[in-house]
Every structure is written in C-alpha cells, then in structure tokens.
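As structure tokens, the structure follows; a few thoughts come after it.
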Number of protein chains: 2
Amino acid sequence: MTAAAHRPATLEDVARAAGVSRSTASRVIAGTGFASPAARERVAAAADQLGYVPNPAARALVRGGGVRLVVAVAGPSAAVLDDPYVHRVVGSAARVCAPAAIGVALHWLPLSQPNSLDQLAGDGSVCGVVLVNTTEDLLDAVPRSLRGRVASIGIGSATIPSFDVDNGAGAEEVLRHLYAGGRRRIAMVTGPRWLPCSQRPVQEYRRLMRQAGLPERVLPGDFTAARGRTAAGEALRRWPDLDAVYAISDETAFGVIAALREGGVRVPGDVAVAGFDDIPLAGMTTPALTTASHPVGRIAAAAATAVLDRRPTAPVTLFPSALVARASA
Amino acid sequence: MTAAAHRPATLEDVARAAGVSRSTASRVIAGTGFASPAARERVAAAADQLGYVPNPAARALVRGGGVRLVVAVAGPSAAVLDDPYVHRVVGSAARVCAPAAIGVALHWLPLSQPNSLDQLAGDGSVCGVVLVNTTEDLLDAVPRSLRGRVASIGIGSATIPSFDVDNGAGAEEVLRHLYAGGRRRIAMVTGPRWLPCSQRPVQEYRRLMRQAGLPERVLPGDFTAARGRTAAGEALRRWPDLDAVYAISDETAFGVIAALREGGVRVPGDVAVAGFDDIPLAGMTTPALTTASHPVGRIAAAAATAVLDRRPTAPVTLFPSALVARASA
DNA sequence: TTGAAAGCGCTAACAG
DNA sequence: CTGTTAGCGCTTTCAA
C-alpha cells in the first residue's frame, strides 16, 4: 500500500519485516501449507505494507509453469497477424491470462513449415499454445511435449481440443433463411481453401442446394472485402439470374454489397446478401447486414482457459451460430 | 532440429553435449563475451541438435528485465477492455514483443483509483507499461519506479513519452473539408469527457467555428455507434438547419448516418457526416465514410518499442492524421 | 508449525 | 579464451 520502492519488494523483504523465514512467508503468500494464525497475520501485514507483489517469473521458473501463452496463427504470410479477428483473440486471451500474470504472445506459423511449433515446444517459458487457423498439417506437427497445453480455435484432433463455432449449423440456418425469403439462385463466397474449418459451410451449402435441386455456385474467397467486390462481379457475369450471395465473412459481404450497388443491382431487392460473424458494424450500415453472430471473444477465452487450467477438456466444444436477420437478406 | 524432448533442453544440456562449461555455452548463445571459433561451432551445433531455446523467464530473473509488457487501459468500467481499438493495440504490441519473447498483458485501470498502477510497479516480472486512454490523474499516479519504462498512447508528461495522432491538425483538416463542401451548420459529436486527448478536436472545432463566425454545436459522445444514433436525433431536434455532423469515431459516425437515414434525412445530400479513425470497413459502406485515417498499429508498435528498448525517447511523437474524402461528406 | 537448504535455468563477475 | 562461483526470487522437501 506504500508508494512503491525503487526496487520491487521481494519475499525476503517481507519475511524479514514479518520476522519469519522466507519459507513461512512463501506458504502464507501462496496460500499453501501450514502457518500459524499469528504468522499469517504478520506476513500479510508486512506484504501489503511493502506493496509486495510475487514475481511470477521466479515462481514459474521453480514450478516449471511458464509465463507466456502463445497465440499461434497459421497463414500464408505474416500479414495474418494484422487481422482484426486475430486481434480479438489476442485481446480476449490477454484478459483471461491477466489474473494469472501470464502474458500473451503472437506468432505466425508459415503454412509451408508447420514444424515451426517445435521452437515453442522447446521454450520453457511458454505455458501453452492456442492455435488459430488450424490445418491438418499443423495438427500433425504439434510436438508431443505440447500435449495437454494446446487448444485449437478451429479443427482439433484426438489429443488437441477444438473450440469452434458450429459452422455447419450456422450455414444451414442462413441458407434456410435465404430460401424462406424466396431466393433460389444462391451463390456462395467461401473462405480460403487451405483453412479446413471454412470447408464445413461449403459442404453444407452443397448438400442443401443439391437437396433442394438448386444450382451450386461456389466462388473461392479469402475473407477480405476486396475479394467480395471482385467476387460479386464474377458472380453477376457468370450467373445473371443470381438472386442471393452468401459470404463466409462480413467484410466480404460488405464488399459484395458495394460492388453490386455500384453495378446498379439493388440489395436486397434484386440480390440478397448475407455474411458471417456479425462484426460490430454489421447492424449500422444501410442496408443492415443479415449475418450469423459468433461469440469470438468467448471462444478465445474458452480456449485460453483450457490451456491455462490444463484440465481435461472435451475434444470438441461447439459454440452456437445465431442468425441475425436484418435488412440485406 | 530434433523432435522436442519431453523436457525442454537447458543450457546445461547444451554445454554438456558440446563439452564446454555452462558459461561458455551462455556466451555463445547470448552472443556476449568471448568464445573461440571452435567452441562457438560446437555449442551452436549442440544447441540446434537439441532444439535448444533459451528460457526467457530465467534470463529475465537474473537480469531483472521482466517478461511482460502491460497494456493498461483507463476507463469507467472493465468493458473498455473489449474495445476493438484496445484489441488492436494489444495485437500490435504482441507482435512487437514476440521477438524478445515478451508477453503482453491487458489491465483495466479504474478511473476512480489511478494508483492501481502501484501493483504493476511492484511486480518484478513487468518490464514496462503502455498506457491507453491516459488521464492527468493517471500521469500523476505513475510510480517513480516505472519511469523510463512507461509510454502513453494519448497525453504524456515531462517523464512519460506520448505517442498520439495529431488530433488537432486532423480535426482541422476534416472541418475545412466540410467547409469547402459548403457546410455551414456543423455539429460535432465528441469523445468522452474524461478522455483528455479527445478534447483537442473539440478545441479545434470551437476555434474554427468561432473564426468563421459559425455556430458551435457540441454533443458529448462516447465513441459508440449507439450514441451516434441518439446524438443524431438530438442534433436534428435542436438544430433543424443542420447540414453536417462531425463525429470523433467512425462507429459513432455510422450510428449518426443510420439514424439520419431512418429519419428520412439524406446523407450526404441533406447532411454530410464525417468520422475519425478510418476503420477497415469505412470504405465499404454506402455511402462510403469520409474520415481521417490514423496509424493505430504503428502508434501502438512505437509505444511498445519505446518501452522495450528503454532508450531515451522524444517527449511527444505525433503521427499524422490523413483526410480520406469519400462519399459521406 | 517453522526454518535450513537445495535448486529451477540462466548470467556475470572473477580467476585462471 | 574458459571454467568456477555466486546469485536472480521463488517453492519445496526435509528436519527440527
């Protein structure tokens, strides 16, 4: 409670001030082991008199616990680290880690060399890893020594718990909504091909279209607004009778809408457009974007928590995708 | 390069494998001090043969360097930690800190008790602090022991370097643009009152309006889209001749536009709307948002770097605000 | 219930 | 140029 000394107080300082040994002070502070009420009292008093804060690095060193949780993002280039989605994950993870005095680090995992995880595994200061944009290769390349302290936001495996949105169900819900609105010529702009978890919605789309006897119109995407613009042009050119576009990214959906309107196509009058994620601005635009909302923050928090707590986790934790019907579709 | 052992390799392991002492291995690995080419060679070989990664926690312990950089965000409630802007700062900081094996932590600083910084100062594992939403009270409450390893994104002081957008110039540029477009009844939706750096644009606004003999119409805001909606209503009610709204947040600007259009007001036909920050989506909406772009990522990176490098920094580093004229104004 | 002692993985004098 | 020695701040047996 006192103004911080120039040098942070150590446990030794506290022990001396309380007139006990370092071990006793440690037991009291860490709340582990025995200590007489009297000792407890004096140590506590000394600690807050000195403004004592345990040094997590030292603690981690002796317990072998690590001090950093690494958010490892796979992608074609380091630019993936600039993605707002990634920032959201890092932000949520950082919040979850703060009470444990664990810091968060951000790493890029080049798609071409999945064994870059080895370095993280060999770093004793890394307490765990949260995988983002997980691929099969990546899953295979997770070193054994990382087992039990890795979680994946995306696909998982027998040994690596997965935390993800129920993509299939989400896609189905949006597509049924489009269908219920009378749309029959529905194109889809997908996520990147290398990203396994973005294949689910595509499968669902194909299944539903086939089932309804509707044409399958798939355009590869990359989650960007720019791709939305070009994809809209392509779609219009290839399929002039188009009456809906389903994009697996709100950013892309906005790109689609912009291009469509610039081309004189009314949204949703002529073509309905739906997105994916419900970013904060989705409800503020004109037309407001119909999309599916996903608890990205909660997913990231759950993954980070699983890694931190190191307790047995269900192999797959699915979070619900909720249709948010607005004006665009 | 070998598959990671169950226990991360230690310097001791490397030294033994290379047939040298721990100190020699340390010198080679850390690149500090002398070592014969021969020793250098063998240590390097042993290190990568064992997949050795130095343990930054241990290193930090002996050098007193710390392992975490804390992004400390002031605000009325912990909800500020959910802000996309904050996530962007954390993401950028994490990227800058990664090479140094420093983790990033996210802390909320209650507006009402600025001395919560004391705890960070007393934590030996904290290598530095980046302040966000800095207030005068906060600046005054920064413990001496933190000097030289704090940076502020926002206002600074004699001892705390500031990294910020040139808000005044940015506001002036946008307002002049509005004026050049023929707008004469310009209302402004500000940032929160408790946030000092958001007062600069207000001052600039008042100065320019006064200078041009135009009415001053200020509405307090809070950076949210929701507030934009209500503010638009208020503005229209109080000032029916309104022909422009300048909001100090793109989110707010979008809220303003939405409310205006719902009320049958054309944008930019009847009322021009301009924002602040140039969020990624600003260019994708209809109408595309006129705003000022700010290098948030670079600002955060600069602040984090200043803290990490601990080298003398200019008291104030201003980043340019660049007008992005689009359709809305 | 407490203290003495050892050691986590690393760096940094200090002698050789 | 290299090895020995002494810690950094903390937890944790092990005796007392």
Side-chain angles (χ1 to χ4, degrees), chain A residues 5-44 46-47 50-68 100-102 122-127, chain B residues 5-44 46-47 50-68 100-102 122-127:
Chain A
H6 190 66
R7 176 182 60 78
T10 73
L11 191 56
E12 180 77 49
D13 299 332
V14 173
R16 199 176 314 129
V20 300
S21 74
R22 220 166 55 224
S23 340
T24 300
S26 173
R27 286 183 209 110
V28 173
I29 299 288
T32 165
F34 305 96
S36 66
R40 210 172 282 286
E41 172 84 10
R42 298 166 59 198
V43 170
L50 293 170
Y52 172 72
V53 182
N55 183 332
R59 193 175 274 187
L61 188 57
V62 49
R63 304 175 62 153
V67 297
R68 279 180 311 150
I102 297 287
D123 185 334
S125 75
V126 171
C127 68
Chain B
H6 190 66
R7 176 182 60 77
T10 73
L11 190 56
E12 180 77 51
D13 299 331
V14 173
R16 199 176 314 129
V20 300
S21 74
R22 220 166 56 225
S23 343
T24 300
S26 174
R27 286 184 208 110
V28 173
I29 300 286
T32 164
F34 304 96
S36 66
R40 210 173 283 284
E41 172 84 10
R42 298 167 59 200
V43 169
L50 293 170
Y52 172 73
V53 182
N55 183 331
R59 193 175 273 187
L61 189 58
V62 50
R63 304 173 61 152
V67 295
R68 278 180 313 151
I102 298 288
D123 185 334
S125 75
V126 170
C127 68

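Reminder, nothing fancy here: chain letters follow the sequence lines and each chain counts from 1. Just so it is clear, the values below take in all heavy atoms, side chains as well, and ignore hydrogens, waters and symmetry mates.
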Point to revise | Spacing between B:Arg27 atom CZ and C:dA12 atom P, to the nearest angstrom | key: 11 Å

Check your understanding: Hey, does the side chain of A:Thr24 come within less than 4.0 Å of C:dT2's phosphate (OP1/OP2), counting only N and O?
Key -> no

Review point. Is it true that a side-chain atom of B:Arg22 and a backbone atom of B:Glu12 form a donor plus acceptor pair closer than 3.5 Å?
Key: no

Practice item. Begin with the C-alpha distance, continue with both residues' side-chain angles, and end with the deciding distance and a verdict on side-chain contact (heavy atoms from CB on, under 4.5 Å) for B:Cys127 and B:Ile102. Key: CA-CA 8 Å; B:Cys127 68; B:Ile102 298 288; 3.9 Å; yes

Exercise for review: In whole angstrom, give the distance that lies between atom CG of B:Asn55 and atom P of C:dC8.
Suggested key: 12 Å

Review point. Could you state the CG-P distance from B:Asp123 to D:dC10, rounded to the nearest angstrom?
Key: 10 Å

Exercise for review: Please tell me which of B:Arg40 and B:Leu61 maps to the more 5' nucleotide of DNA chain D, matching each residue to the nucleotide holding its nearest heavy atom.
Suggested key: B:Arg40

Check your understanding: Has the side chain of B:Thr32 got a donor or acceptor that lies under 3.5 Å from a partner of the other kind on the base of C:dA12?
Key -> no

Check your understanding: Can you tell me how far C1' of C:dA12 sits from CZ of B:Arg59, to the nearest Å?
Key -> 13 Å

Review point. Phosphate oxygens OP1/OP2 of C:dT2: is one of them under 4.0 Å from a side-chain N or O of A:Ser36?
Key: yes

Exercise for review: Rounded to the nearest angstrom, tell me the gap between atom CZ in B:Arg16 and atom P in D:dG3.
Suggested key: 14 Å

Check your understanding: Does A:Ser26 have a side-chain nitrogen or oxygen under 4.0 Å from the phosphate oxygens OP1 or OP2 of D:dT11?
Key -> yes

Review point. NA contact type, A:Ala60, heavy-atom cut-off 4.0 Å: base, sugar-phosphate, or nothing?
Key: nothing

Practice item. Report the distance from atom CG of B:Leu11 to atom P of D:dC8, rounded to the nearest whole Å. Key: 19 Å

Practice item. Look at B:Thr10 and C:dG9 and indicate whether a side-chain polar atom (N or O) is within less than 4.0 Å of OP1 or OP2. Key: no

Review point. Picking from D:dT12, D:dG9, D:dG3, which would you name as closest to the side chain of A:Arg63?
Key: D:dT12

Point to revise | Rounded distance [0.5 Å steps], CZ in A:Arg27 versus OG in A:Ser21 | key: 6.0 Å

Practice item. Mind checking A:Ala57 for me? I need base, sugar-phosphate or nothing, with any heavy atom below 4.0 Å counting as a touch. Key: nothing

Study note, to complete from the structure: Separation of C:dT1 atom P from A:Glu41 atom CD, nearest Å, is 16 Å

Practice item. Report the residue (A:Arg22 or A:Phe34) whose heavy-atom-nearest nucleotide on DNA chain C is the more 5′ of the two. Key: A:Phe34

Check your understanding: Where the side chain of B:Ser21 is defined as all heavy atoms beyond and including C-beta, which of D:dG3, C:dG7, D:dG7 is the nearest nucleotide?
Key -> D:dG3

